[in-house]
Structures are given as C-alpha cells and as structure tokens.
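A short write-up of the structure that comes next.
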Amino acid sequence: SAKREGRNRVHVFSTEIQAENATQIELENHLRQAIKYDELEVYFQPIYDVKTEKIISAEALLRWHSNKFGNVSPAVFIPIAEESGLIVEIGEWVIKESIRLKQQFFDLHHPDLKIFINLSSRQINHPQFIDHLTLILQEHKVNPYDYGFEVTETMMFDNIHYGKKILQTMKDLGLTLSMDDFGTGYSSLSTLEELPVQKIKIDKSFIDDIDQKPSKQTILKAIIDMAHALDLKVVAEGIETREQKNLMQALNVDLIQGYYYAKPLPATDFLLHLEEKMELKEKMELKEKMAF
Ligand code: C2E
Ligand code: MG
Ligand code: MG
Ligand code: MG
C-alpha cells in the first residue's frame, strides 16, 4: 500500500525539509487526498498507571505518510487540517479507524484497554458532530466506556455554552473526557470545575524542565491536589526520564505517558509491546511464586 511505500522509501533529503519547503496550499491539496490514497495511519501511545505500572489506556495519534512529502508531523498538518476544515472528515476517519484497530488487534487479549482520541474545535462545533459520533458508535457496536476523547480549553473559547453542552452529551453517552494540554495558555481550575471532564493531562511543556525548577513542582503539586479534590484523575504526558517518572510518583500523579515508557506505535507494534509487558509481569509473578 501507499502507506508502506511511504515508510520504506529511501529519502535523499530529510522528510521534514520536504514538508518545510512546501507551501500551505500544496500541503493542504495533498492532505485532501490523503484518506483516498491510504496515506493516514493511527498510532497508539501507551498510558501507564503510576502505581501498578500497567498499561491501562492508549492515545490515538494520527500520522501522515505522504507519498509526496514523506512523513509530515502532526504539528504541521493538524493546523492545516483545522484551518481548511479538512479536520472534520479526517477526524471522523480517525475515530472509525481507532475503533477498527482496537477491535482487530486489542480486543481479544486486552479488552479493557481504553482508547483516547484527540478532538479539534472545528469537529465539536460541527452541527452534525454528535449525530455522526452516535452513528459511528452504533454501527461499530461500540461500548462507549471503552473510549475517551481529549479536548482542550481553547476549544471552548468560541462558545463555552455550546461546548459545554456537547461535552455533557458525550459524557452522558458514557464516553470519558480528558482535558489535554493543561498548564499551557489560560488553563484554569475554575473552568475545569465547570466542564464535565474526568481527567486532566498536564502538558509536556510543563514537565520538561520540572526536575530543575522547584517552583514549577510547587505549582504542579497544587494543581494535582486541587484536581483530586474535584475528583479528577491527573495524567502527565511527555515523561522522558526516570527522574521525571519518580517525581510524578512523588507528586501523586495518577497516570503517565511518555518516551520513557514508549513512543507512539503502529497498532501491530503496540500489540507486541502489550504482550511483552504481560509476559514480563507473568514471569515476575512466577518467579515470586517459585521463591516460596
Ligand atoms: P497532544 O494531543 O498533546 O499529544 C501529545 C504529543 O506529545 C504527541 O505528539 C506525542 O507523540 C508527543 N509525546 C508523547 N510523549 C512524549 C515524550 O516523552 N517526548 C516527546 N518529545 N514527545 C512526546 P504528536 O503525535 O506529534 O502530536 C502532536 C499534536 O497533534 C497532538 O498533541 C494533538 O494536539 C495533535 N494530534 C495528533 N493526532 C491528532 C488527531 O487524530 N486529531 C486531532 N484533532 N489532533 C491530533
Ligand atoms: Mg492528546
Ligand atoms: Mg497532550
Ligand atoms: Mg500537548
């Protein structure tokens, strides 16, 4: 398939440079055809329970293996998809594809793995968003409790009342909601109290230099304590080192995601990662039993 070729082809120039030299319009025109040419792929990054160090969920992250530009970063093509409105169609594809991959690869041995999907403002503000979402869930015979969506506070800026209504409808359907990118921009705990979210995700930019900045640790501790007081679970993203992981444990973070554990992986690789972790755990348990 085009996907595979895109990944295996040898590039003379770095794919980043190819995308950089392209104009927004060129990228947009190719992105418009990306679904048709089978250039999009959903990757999964594991999210770990801090205490048990078990994988309990995964974030679906979109990848574009462009035949023309090589692998284009989401940081480049997601904003283009949002500005052009393509995100509505692409976002729906991501939801369907995430469900398909979960059912094909994870459900047999890992039925409890919960999948989190990112949403853009343009998507939830589309008048048919809830109708389409409900239909997708029905058509795929999905248990809504197996899925969650990551939303951002900036999504609420246009019309907080409408946004709140949409999120509440999603929650009523049984879906979990997580507030992404917390700690960037104007994140405030007062909006959190207003919005029907069950989780907050502390942004990577907030974690990056935290081991060197005691003041940041103090702020994070206050955020975590208040989130817990509001009955919200706290996820830390972008954990890259053992020091950061230990610090998150000490600060009472509930869930952790980051390169320290694993990068976003194609579904089949993610499955291998799950099985490896399971095997390791079974071996450890066996070892413990044998010691007695
Ligand atoms: P996000 O939702 O905040 O996702 C987290 C980003 O941090 C991902 O980047 C992930 O690969 C990266 N990351 C996770 N752990 C680490 C780490 O330890 N170190 C480093 N350096 N990075 C880490 P990615 O996949 O490039 O996605 C970037 C952004 O693009 C996402 O940020 C999200 O806002 C958007 N995005 C990706 N897929 C979708 C999608 O399907 N729909 C929408 N609407 N947005 C998406
Ligand atoms: Mg996210
Ligand atoms: Mg995030
Ligand atoms: Mg982020």
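Heavy-atom basis, side chains included; hydrogens, waters and symmetry copies ignored. Quick caveat: nothing in here was measured; it's all calculated off a predicted structure. Numbering of ligands and ligand atoms starts at 1, following listing order.
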For [atom], tell me which residue out of [options] has the closest non-hydrogen atom.
{"atom": "atom 19 (N) of ligand 1", "options": "Q244, R63, Q123, E240", "answer": "E240"}
{"atom": "atom 46 (C) of ligand 1", "options": "L40, V42, I78, T184", "answer": "I78"}
{"atom": "atom 43 (C) of ligand 1", "options": "N118, V151, D181", "answer": "N118"}

For [X], atoms of ligand 1 separated by under 4.0 Å from a heavy atom:
{"X": "G258", "result": "15 (N), 18 (O)"}
{"X": "I239", "result": "18 (O)"}
{"X": "E237", "result": "3 (O), 5 (C)"}

Have a look at ligand 1 and work out which part of [X], if any, has a heavy atom under 4.0 Å from it: side chain, backbone, both or neither.
{"X": "E82", "value": "neither"}
{"X": "Q257", "value": "neither"}
{"X": "K201", "value": "neither"}
{"X": "V94", "value": "side chain"}
{"X": "P264", "value": "side chain"}

Going by an N to O cut-off under 4.0 Å, is there a salt bridge joining E150 and K199? no

Between the Mg ion (ligand 3) and D180, which N, O or S atom of the residue is the nearest one? OD1

For N/O/S atoms only: which one belongs to E237 and is nearest the Mg ion (ligand 3)? OE1

I want to check a possible cation-pi pair here: K114 against Y145, using under 6.0 Å from ring centre and within 45° of the ring axis as the test. no

Does G91 reach ligand 1, in the sense of a heavy atom lying below 4.0 Å from it? no

Within the structure, is a non-hydrogen atom of K263 found at a distance of less than 4.0 Å from ligand 1? no

With side chain to side chain contact (heavy atoms under 4.5 Å, CB included) as the criterion, how do H228 and L232 come out once you've worked through the C-alpha distance, each side chain's angles and the decisive distance to 0.1 Å? CA-CA 5 Å; H228 284 162; L232 300 165; over 6 Å; no

Should the pair Y48 and Y261 be assigned to parallel (<30°), tilted (30 to 60°) or perpendicular (>60°) ring geometry? parallel

State whether a side-chain donor-acceptor pair under 3.5 Å links [X] with [Y].
{"X": "K51", "Y": "Q249", "result": "no"}
{"X": "D172", "Y": "Q168", "result": "yes"}
{"X": "H132", "Y": "E92", "result": "yes"}

Please determine whether D203 has a backbone or side-chain N, O or S atom lying under 2.8 Å from the Mg ion (ligand 3). no

N, O or S atom of E59 closer to the Mg ion (ligand 3) than 2.8 Å: no

Give a yes or no on whether the ring-centroid distance for F106 and F270 is below 6.0 angstrom. yes

Do the side chain of S84 and the main chain of L86 share a donor and acceptor less than 3.5 angstrom apart? yes

By the rule that ILVMFWY residues connect when side-chain heavy atoms come within less than 4.5 angstrom, directly or transitively, which residues belong alongside L255? I47, I56, V235

Please determine whether D181 has a backbone or side-chain N, O or S atom lying under 2.8 Å from the Mg ion (ligand 2). no

Min side-chain heavy-atom separation I115-D146 under 4.5 Å: no

